Every structure is written in structure tokens, then in C-alpha cells.
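Working notes, beginning with the structure itself.
Chain A is the first sequence line, chain B the second, and so forth, proteins listed ahead of strands; every chain is numbered from 1. This one's a predicted model, so the numbers in the text were calculated from it and none came from an experiment.
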Amino acid sequence: MAYNHTSTEKKWQRYWLENKTFRALDPAEAGKMPKKYILDMFPYPSGSGLHVGHPEGYTATDIVSRYYRNKGFNVLHTIGWDAFGLPAEQYAVKTNTHPRVTTAANITKFRQQIRMLGLSYDWDREVDTTDPKYYKWTQWIFLQLYKSYFDPFDNKAKPISHLVAELENDNLVVAPDGSIHINPVSEGMQAISGDVEAYRKWGSYTPIEQRGILDGQRLAYTDEVPVNWCPGLGTVLSNEEVIDGKSEVGGFPIERRPLRQWMLRITAYADRLLADLDALNWPESLKEMQRNWIGRSIGAEVDFEIDGRDDVITVFTTRPDTLFGATYMVLAPEHELVDQITTNEARAQIAAYRHGSQGKSDRERQQDTKDKTGVFTGAYAVNPLNDQKIPIWIADYVLMGYGTGAIMAVPAHDERDFEFAKKFDLPIKHVVRPAKGAADQSKAFTDIGVSINSDFLDGLPTAEAKERMTEYLEEEGVGHKSINYKLRDWLFSRQRYWGEPFPIVLDMMGNHFAIDEAELPVTLPEIEDFKPTGTPEPPLGKAKDWIQYSDDLRRETNTMPQWAGSCWYYLRYIDPNNGAEMVEESKERYWMPVDLYVGGVEHAVLHLLYSRFWHKVLFDLGHVSTAEPFQRLVNQGMILGETEFHFFESSAGAVSASEISNIAEEVTDEGPKLAGIHKTTGEKHYTTRVIEQLVEKKGDKYVLRANNEVAVDARSFKMSKSRGNVVNPDDIVEEYGADCFRLYEMYMGPLEAQKPWNTRDIIGMWRFLNSVWRNFIGEDEARVTLTGGHANDEIDRMLHRTIKKVSEDIESLRFNTAIAELIKLNNEIAKLTAVPQAVAEVFALLLSPFAPHIAEELWLRMGHTESIQKAHWPHYDAAKLIDTTIELPVQINGRLRDKIQIIADADEQMIFDLVEASAKVKPWLDGKEIRKRVYVPGKMVNYVVG
RNA sequence: GCCCUUGUGGCGGAACGGCAGACGCUACGGACUUAAAAUCCGUUGACCUUUAUCGGUCGUGUGGGUUCGAUUCCCACCAAGGGCACCA
């Protein structure tokens, strides 16, 4: 009987489920077994189900998990659902279905699809972020953040009760702005300038002031921040969800408006998030993305006095060495001093400009970066170095959220300042020259060089000049060294229904209080109507009874963003049913950190940064034992749609792709299309797709078969519904089986590489599996009896080489080459008239991580009664890897001229003698002088002649 | 603009200082078959030479360099993909 994938796969999937074959053992049960924690990125169960990209990473981790189980490891490998989120809620609004209903249906579909792939998850550990038993602990973690502050002296989070104690015993004092400092008296310090008395002891503040001071220190705090408010959707949106001032979904207008929001103080961890990246085994590119996102820059803050006023404007600069070149100053339009310094003459213009920028989103303000705008305030600042007066402007190009919201403009050495100065005819003063050659005066010189026109800095290279200037500023008391980050605190609240409620209540004054941990979870109220209210009041506001917590306390009605649940799910997998703790300590210590984490690169700076942040807070507070959650992380490459061929067309007919520049995808009425600009006419051209058969390769490009003059654009696109190139895994599994699908996905190329799907290629893996079946079972089960005894030497050597290669390849995630090796071995076995049982068993084991269903079936028919997953991974015998004779390539001047057969342990002289006796080599040596003989043991021989 | 990644046959890819193209697909030829499917065998980078073999030349995006030897290491450039983008 030929191999029937459908019945075999169903049978084993049922067996695994019923027997809990992949159950991970708790540490007490595991004894001395070493552990591996192998993690897949948390899927969002969307309505459209799995696409072929999901199983790529899942199959990779599944192979690794199965391999380590066979190697005797206790493996934790499971799955769960990141099930809160906007798509389900949008659908709920549209159809008036409860999001819980659609979410449950989606999870059922995902679970069924994932089981169909034969993935070796421990299904007893499945979690769902929308389950109150799960989000109880999401809320609990939020409370830990709420009840903690960041101690900058120890560089870690501590309970806020510790801060209170330090304030109460006057080790710490509070400045008028609410900032907290070491008591200068207890430190034995005198104030350098200013008054020590400005710092006040804790006891001198009123209880209301004390509350404000503490709330200002929490890791979870509220703040009034300008957000993208979308009245049409009734929610705030992130910058990513806003395109050209309109919502990405529905195209509703966006307003900037300040709203009270929950924020998480991730910026306190910027340094540690940055520093700890170094030790992680992650792709360098991903680490780089996180570094860029954190955006640490070192510079100085410099105080400029305002001419004729008692105020100071502090600017941040990364180039203190260019301070002598500052010819004007720019404040962000919303800077607090603008109103006070603006002169009467300038007032109307300033007001108009500020009004204009207020309505714009951050994105809009950053759109036209070339065309600078701004207005002069009429006021002047004084350069602290030389008392020179420079005009103060306001302009959109300075952002309130970065640095101090004010800059000193050095047009000679900053591109933005240069453009601005050119436009408004402001002076440009050169204070740095290139180390070599002359500067191009038509643009800003932004590189490092040597200081000029800068008094005491003259002649110093930029690095030294920066240091010298910073020292000088500190000596003079007009500035100091400063570090800034691009990273902003995490805006943590959403005006949505389908998210975790905050475990927070508010009094009439708007003061917030933590709900007692014993009262968790705070469950979502049932509400009938999911439509937006049209005001910033979240949908939870409609649950009137739920809101009223007590006579004078009402509940927080915002919900948490989708990222909350996925920040810590890997901890819950360890102890998923624990009702008393987030995770039990001994289990956490046993399993953490995650040994291998595989997922797409799209989570590089959101999920992966957020969860590192939460993990570090939990670490500081003693709830987890490692500083980092994910030791080794690998990004699977995206699987693209099948390669498409397009040529460009104008009214005049086909146009060669080589004539077109700026080729990019464009969304048209007929769906996404490629468009480009004709290099000479400038006319816009759209593409027409052609099938592969109408195209041929000519030189290094494709052309139309019918007209070789027309070059064709060949590329693969991201799979998308609108493009219609999505491949559904269900179809592939039905036709070829899960084993075949898994093999194909792994055989496409390296895991990390981006690669195009090609349905035509699947047949190769299909043939391979059928050949395996024929080799061990036979077309009519004729070969079901395997022979005893040993394999011949050649097969035996090959077998051991394959064990070595497959083992090493799995450990380094090179599945494509491991499969190639299995195919080679199978091709050799196919030539045998009788297959020894020993060979067959090893082959089945080597195949089992990749194609587990067929491997189980083979294993069973070879006479085993237990799952192949319980068997031991084969060892290879190093002695069997060594050939007695080897073939040695012989090169003359680096070119291959002959190959010689020789015993493996031949010495150099024997080899040279043999080479020089070779008839093929002789003509290349005749009449030439042998200058050098190179022998690389076991590899090759090279003669240098001349 | 800045940062990162990737360029190897008709296609996916392998080799990552030592025989370029493993393995799979496609295509072509052959065997089996009444026929088809399936299966099996062979050929499949380009060019030159040859009846064929044998043999030779070129060839890993382009141009340089290091080396006995470079797809691999270094420099510059080009192209594609991704990220960031007025971050002072």
C-alpha cells in the first residue's frame, strides 16, 4: 500500500494528544534532566487563520524541540494566544458581536490549524491573554510597576515604600519641581551655587503635595500628553496608525489633543536596555534596531541667559565644540518660555505660527523636512562664552519631546540649521574645519574636524574640543555633560473595550489608588454596545454599575494596549495554572532564561523592548531570576509570494523595465500595482503581469519571449490579500500532508533568509517521503521485513556522517542542509537490495524531527511499541567518519589539474612524489621551476611554478 | 539622508580561505506501459575543441587589494530588500 498521509497524520496527532507525548516535566519530576526552553512568538489569532509564514518558525522550533527530547532533555515548548486587540473589537463594532465570541472562534481555528501541522506543544500549558485567570497576573504586574520607583543611585527599581522610608528619615529631600535628591547636608556638601534651602525635607510638604511627589516617581504614572485623538473611531491612535493626518482605518481625521494617559517609565531603563543587549545572542541587525530606537546620545546642556530678563534657556547639544558657532537659537513652538519672551511686535505672528503647528500631528510636522518654517520672537539670548546676542526663533523642526525642546543653532555644522539660516538669511559662522582639505561652503560641514574661530578650542580635534568645552561649561557653572535618549515613556492606555482593565480606582479629585491584590482580577464588564462614544470617554464608561467601585471611588475606564499580555506570557508557560502566584520561584529558576526564541523581525522594537523592560522590573523586584528573558533569538525570514513577472506599459505600448526608475508599489483601484517613472520622458508607467512561460532570460535580465527588446521586472512580493498571492497552509497539508509541508518550508533555504514560495518545488519533498516509504515498507509492504546484521562499510560510513551532519545542522538551525543529507542517504539506501534494521531505525530517528508522522509510523512498523519521541538520538562513531583512502585535488598555480587517490595518513613526501609522477600533472611542470609546494593535510595540494 | 541585510546556473539554494553549483525543482533524452500517471536511468553554468571521449578557456553584482590559492577576508562602487528619519 502506498503511503497515505491523511490517515497516518491524523492517527499520530490523536496519539500524541491522548498520550501527552510532549508534556514538559516540572523540575521536581525532571530530576537531573537538563532543560531546554524553546519558544515561539505569541500569535495573534486573527480571523483569517494561519498563513504559510507562521509555520516556518513553528516548524523550526518544533524540530529543535523534538531533537532535544530525543537527546534526553526536558523540553518546554508550548503555544498560546495573544487574543486582545483592535481587529476583534473593530469586528465587534461592525457586527455587534461580542469580541469574546469572535476571539474564541479564531482561537479554535488557529488551534486546529496548528494541530494539523503536528507541532509538539505541551497542550496542558496553553494560555490565552483574554482569560481572567491569565490577565489577573497582567494586572498584578501592572500593580508592581505602580508600586515601584526607579532609584537612580542603585540604577534599579525598588518598592515605593522604600522611597517613603528614605524621605521620612531625611536621607532624601525634594526640590520645588518635585525631583528627589540626596540630602546635601547628610552628604556633607555645600551648595556650589543656588540655595540649599530650595531642597525641602519630606515632613515640610502637605499630604496632598506628598502624594503628588510620590505619584511623580512611580514606574506607572499618569500624565497629560498630546495624543492622536480620532473622533471617528473614538480612540487614540499610535503614530503608526495615522497616515497624512487621517486614521489608517476608515480615513477619519485626527486631532492632537492633550489627554490624561497612563505612562510606563521605560526611559529609566534606557541605559540597561542598551547595555544588556551586548551579551545577548541575537541577530546583530536586530540589536542595532533596538540601539537606534533607544537612541542614546552624549552631549552637554548649556544655559543661555535671555537678554533683558532673569530667565535662562537650557539647550541640549551633542556638539558643545561648536558653541562659538551658534548664531541663533530655536525653541519648540510649545516651549513654556515662548509666551514670556515674545515681544509685542512679534506676538501676533508667533500666536499664528503656534496655532498652526498645534493642529498638526507629529508626523505632519515632520513631513516637509526640506522646507523649513519659523518665526522670530523678537527676543535675544546671550552666548555664555562671549556675551554675544543671538536671536531666538520658534520653529517646527525643534521638537518639545527631545532634549530640552530648545537648540542652539550652528548653521555651519548642522544641516537643518543650515537650511533654516539660508531661508531666513541668518549668519553662518564656521568653527570647525576638515582635518584635510577645505570645507564646501555651500553646505553644512557636519563631520568631525579641527576647531577654528573658537578661542581656547582652536586647533583641537573635535573629540577633544567637546571634552574641553564641557569641562569649561562646568567650571563656569553654565552647563554640564548630559545624555539624551530618543526613547520615550510608553503610552500605556487605550480607549478600547477589548483589553485588560486597569486595577486602579479614582476618587473625586482624580487621585488614583491601587486595587488590593486580593481583589484581582478586575474582570471586563459585560456591555451591549461597542460603538464609539464620540468622546475620549472609553467604552467601559458605559458600564455604569461596574464603574462605581464604592460610594466615593470609581474605576479607571481605560484599558491596556495589546502589548501588555505578550510582555510576560513566556513566564506563564512555566506555571500556567498557578492561581496563587504569577510563576512559582523554583520553576522559574529551573526554566529561565528562554534558550531559543524564534519569530519575525516585526517585533524588533515593540514586543521585544517592552518585554525586556517588564522583565527587568520583575528582576529588580525579585520576582524573576534573570536580567534578560531571551538568551538566543532568531528571526525567521519572511516567506514571499511566488515570483511575478511584469513589464511596463504606456499608451504607446510595452516599455522596457530598464527604462523605468523609481519602481515602487502603488495602491490603485485594481489593487496594488507596480509603478515607475520613465527615465527620459518622466511619464508614469504601470505594469502588466505576464506568466513565466512568456518570459526568458537574456544576459542578466528577463525579457519578453515575443519581443526581446522589452526587459521584464521579476520580483516576489509580500503575501497580501489585496495582491491575491496568499498561500493557505490548509490546502498544502490536504494535498501533500503536514510532513511534506514542513519539509518544504525548511528546505526552501536558511531560516533567517527571505525567500519566495514556489508551489512547484513541493513535489521534491513529496517524492522524497514516498521514496522513504518504499525503501522501508515497500510498494505493497513487500519490504516490511528488514534484514538483521550489519550494513556494508560504505553505507555505514555514510550513516555515521549523516548522524553527525544532521545533529550539528539542527543545533545551528541549518535545516535545509540537514534535509539534503537525509535525501542523499535515502538515495543510497534505495540502491540496496536489503536494508538492515539498524540502518532503518537510525534513518527513522534522523527523519523524525522533520517529518514526525511518517517517522512514527515507520518506527511502529519496525516493531517498536512506544513513540519515536521516547527513543534515544543516535550517536555517531568518530572512527567511522575517517576514510582509509582519500581523493586529493592537485592544483598548479591555483588551478585544478588532477586528482590523486592516496591513503589517508600519507606523509607529505609520498604525496609530492605521487603528484610529480602523475601523467596529467607532468605537462604543467615540464620546463618550469617549482617554486613552492603547498600541502594542506587531507584537503589539497598546490604547486607554484614559473 | 543615515543604519542594517542580501547579490552564486532557467529557479530555490550548497560550499564560507582549499575540487564552485551539494540537494531539490524545471527542461531535455531514454527505460517500463496498449496508453497515461507513478517509478527508474542519463544529461542540464557559458563558450571553444572533438564524431564522441579526452581536453581547454571563462564564470559567484562591478572594479581594485591581500594570499600559493578568494564565492569566502579588506577597500570602493552598483543594485535589491528592510529599518530609522528635522532626535539637535
Side-chain angles (χ1 to χ4, degrees), chain A residues 2 283-289 291-293 295 297 299 315-319 322 330 365-370 372 395-399 401-410 413-417 419-420 484-488 601-602 604-605 635 637-638 640 643 663 692 695-697 700 702 714-716 718 743-744 747-750 752-765 767-768 770-771 774 779 814 816-817 819-824 827 830 887-899 920 931-936 938-945:
Chain A
E284 202 46 48
S285 61
L286 194 140
K287 290 197 209 178
E288 203 53 35
M289 278 166 78
R291 288 189 191 110
N292 290 339
W293 191 263
S297 49
V315 303
F316 172 71
T317 176
T318 54
R319 292 292 300 270
T322 62
V330 188
R365 277 176 64 169
Q366 292 170 15
Q367 213 117 66
D368 249 334
T369 62
K370 277 288 161 201
K372 296 275 179 294
D396 266 349
Y397 85 92
V398 175
L399 308 173
Y402 185 78
T404 60
I407 61 157
M408 61 173 208
V410 185
H413 307 292
D414 182 287
E415 276 165 31
R416 295 150 302 179
D417 297 345
E419 283 160 23
F420 193 84
N484 255 285
Y485 301 91
K486 282 204 294 191
L487 184 70
R488 305 293 154 76
V601 75
E602 65 273 16
V605 289
N635 288 127
M638 197 191 300
L640 305 171
T643 306
I663 298 172
E692 196 181 349
V695 165
E696 63 186 343
K697 190 124 184 191
D700 58 355
Y702 289 92
R715 65 176 79 191
S716 314
K718 201 169 153 170
L743 280 171
Y744 171 65
Y747 194 63
M748 287 171 82
E752 298 92 328
Q754 191 175 86
K755 45 218 167 254
W757 180 268
N758 190 352
T759 299
R760 192 174 62 193
D761 286 344
I762 299 172
I763 195 73
M765 295 302 110
R767 286 178 190 149
F768 167 56
N770 279 288
S771 164
R774 272 196 311 275
E779 200 70 65
R814 292 192 303 256
N816 53 336
T817 51
I819 295 168
E821 225 50 36
L822 288 169
I823 293 171
K824 262 155 68 175
N827 288 346
E887 191 189 58
L888 222 48
V890 178
Q891 297 179 351
I892 310 294
N893 286 340
R895 319 194 72 107
L896 182 72
R897 296 303 179 191
D898 193 14
K899 292 172 183 179
K920 278 188 190 168
R931 297 213 177 114
K932 194 174 176 183
R933 295 176 175 89
V934 182
Y935 171 55
V936 183
K939 291 276 192 186
M940 49 75 69
V941 180
N942 188 24
Y943 274 56
V944 186
V945 303

Within the pair A:Arg767 and B:C25, is there a side-chain N or O less than 4.0 Å away from OP1 or OP2? yes
Would you tell me if any nitrogen or oxygen in the side chain of A:Arg897 comes within less than 4.0 Å of OP1 or OP2 on B:C19? no
So for atom NZ, which belongs to A:Lys718, do other residues, nucleotides or ligands contribute more than 12 heavy atoms lying within a distance under 6.0 Å? no
Taking atom types as modelled, is there a side-chain donor on A:Tyr402 or A:Ser297 under 3.5 Å from an acceptor on the other? yes
Considering only the P atoms, how many Å lie between B:U72 and B:G65, rounded to the nearest integer? 14 Å
Side-chain donor/acceptor contact of A:Lys824 with base of B:C23 under 3.5 Å: no
Watson-Crick/G-U partner (both atom distances under 3.5 Å) of B:C84: B:G1
By nearest atom, which of the nucleotides B:U26, B:C84, B:G24 is closest to the A:Asn827 side chain? B:G24
From the candidates B:C11, B:C19, B:G24, the one with an atom nearest any side-chain atom of A:Ile823 is B:G24
Checking contacts here: which listed nucleotide (B:C84, B:C19, B:A22) is nearest the side-chain heavy atoms of A:Ala820? B:A22
For A:Asp417 and A:Tyr397, does a side-chain donor sit closer than 3.5 Å to a side-chain acceptor? yes
Do any side-chain nitrogens or oxygens of A:Ser285 fall under 4.0 Å of OP1 or OP2 in B:G82? no
What I'd like to find out is whether the side chain of A:Val934 reaches to under 4.5 Å of the side chain of A:Val941, using heavy atoms alone. no
Between A:Asp761 and A:Tyr744, is any pair of side-chain heavy atoms under 4.5 Å apart? yes
From B:A14, B:G24, B:U26, pick the nucleotide closest to the side chain of A:Asp761? B:G24
Between B:U5 atom C1' and A:Glu284 atom CD, what is the distance in whole Å? 12 Å
When rounded to whole Å, the CD1 to P distance for the pair A:Ile762 and B:U26 reads 12 Å
Quick check for you: among B:A88, B:C68, B:C11, whose closest atom lies nearest to any side-chain atom of A:Lys932? B:C68
Does A:Asn484 place a side-chain N or O at less than 4.0 Å from the phosphate oxygens OP1/OP2 of B:A88? no
Could you work out the separation of B:U26 and B:A79 based on their P atoms and round it to a whole Å? 36 Å
Listed nucleotide nearest any side-chain atom of A:Ile763, set B:G18, B:A14, B:U26: B:U26
Any strand counts, and the cut-off is 3.5 Å on both contacts for Watson-Crick or G-U wobble. Which nucleotide pairs with B:C19? none
Paired with B:U51: which nucleotide, if any, by Watson-Crick or G-U wobble criteria at under 3.5 Å for both distances? none
Can you tell me the distance, in whole Å, between the CZ atom of A:Arg931 and the C1' atom of B:G69? 16 Å
Could you check how far CH2 of A:Trp757 sits from P of B:C11, rounded to whole Å? 20 Å
Please report, rounded to the nearest Å, how far the C1' atom of B:A85 is from the CD atom of A:Glu415. 12 Å
In Å and rounded to the nearest 0.5 Å, what is the CD to CZ distance from A:Glu284 to A:Arg291? 5.0 Å
Does A:Tyr747 make a side-chain donor-acceptor contact with the base of B:C23, cut-off 3.5 Å? yes
Taking the same atom, P, in B:U8 and in B:U71, what whole-Å distance lies between them? 14 Å
Should B:C25 form a Watson-Crick or G-U wobble pair with both distances under 3.5 Å, which nucleotide is its partner? B:G10
Please compare A:Arg715 and A:Gly295 by the position of their nearest nucleotide in RNA chain B and report the one closer to 5'. A:Arg715
Roughly how many Å apart are B:U6 and B:G10, using the P atom of each and rounding to a whole number? 23 Å
Within the 4.5 Å heavy-atom criterion, are A:Asn893 and A:Val945 side-chain neighbours or not? yes
For A:Met940 and B:C68, what is the distance between atoms CE and P respectively, to the nearest whole Å? 13 Å
Nearest to the side chain of A:Lys755 - B:G13, B:A88, B:G24? B:G13
Does B:C40 have its OP1 or OP2 closer than 4.0 Å to a side-chain nitrogen or oxygen of A:Arg774? yes
Out of B:C11, B:G81, B:G13, minimum distance to the side chain of A:Gln754 belongs to B:G81
Just confirming the chi classification of B:G59, syn or anti, using 90° around 0 as the syn window. anti
Just how far, in rounded Å, is C1' of B:G10 from CD of A:Glu692? 8 Å
With both distances under 3.5 angstrom, what nucleotide forms a Watson-Crick or G-U wobble pair with B:G45? B:C58
Any side-chain N or O of A:Lys718 under 4.0 Å from OP1/OP2 of B:G82? no
Output yes when A:Glu821 and A:Arg814 qualify as a salt bridge under the 4.0 Å nitrogen-oxygen rule, no when they do not. no
Please tell me if A:Tyr935 has a side-chain N or O lying less than 4.0 Å from either OP1 or OP2 of B:G18. no
Please figure out whether A:Glu821 or A:Glu887 has its closest RNA chain B nucleotide nearer the 5' end. A:Glu887
Students often get this wrong, so: under 4.0 angstrom with heavy atoms, is A:Ser297 touching a base, only sugar-phosphate, or nothing? sugar-phosphate
In whole angstrom, what separates A:Lys939's NZ from B:A70's C1'? 15 Å
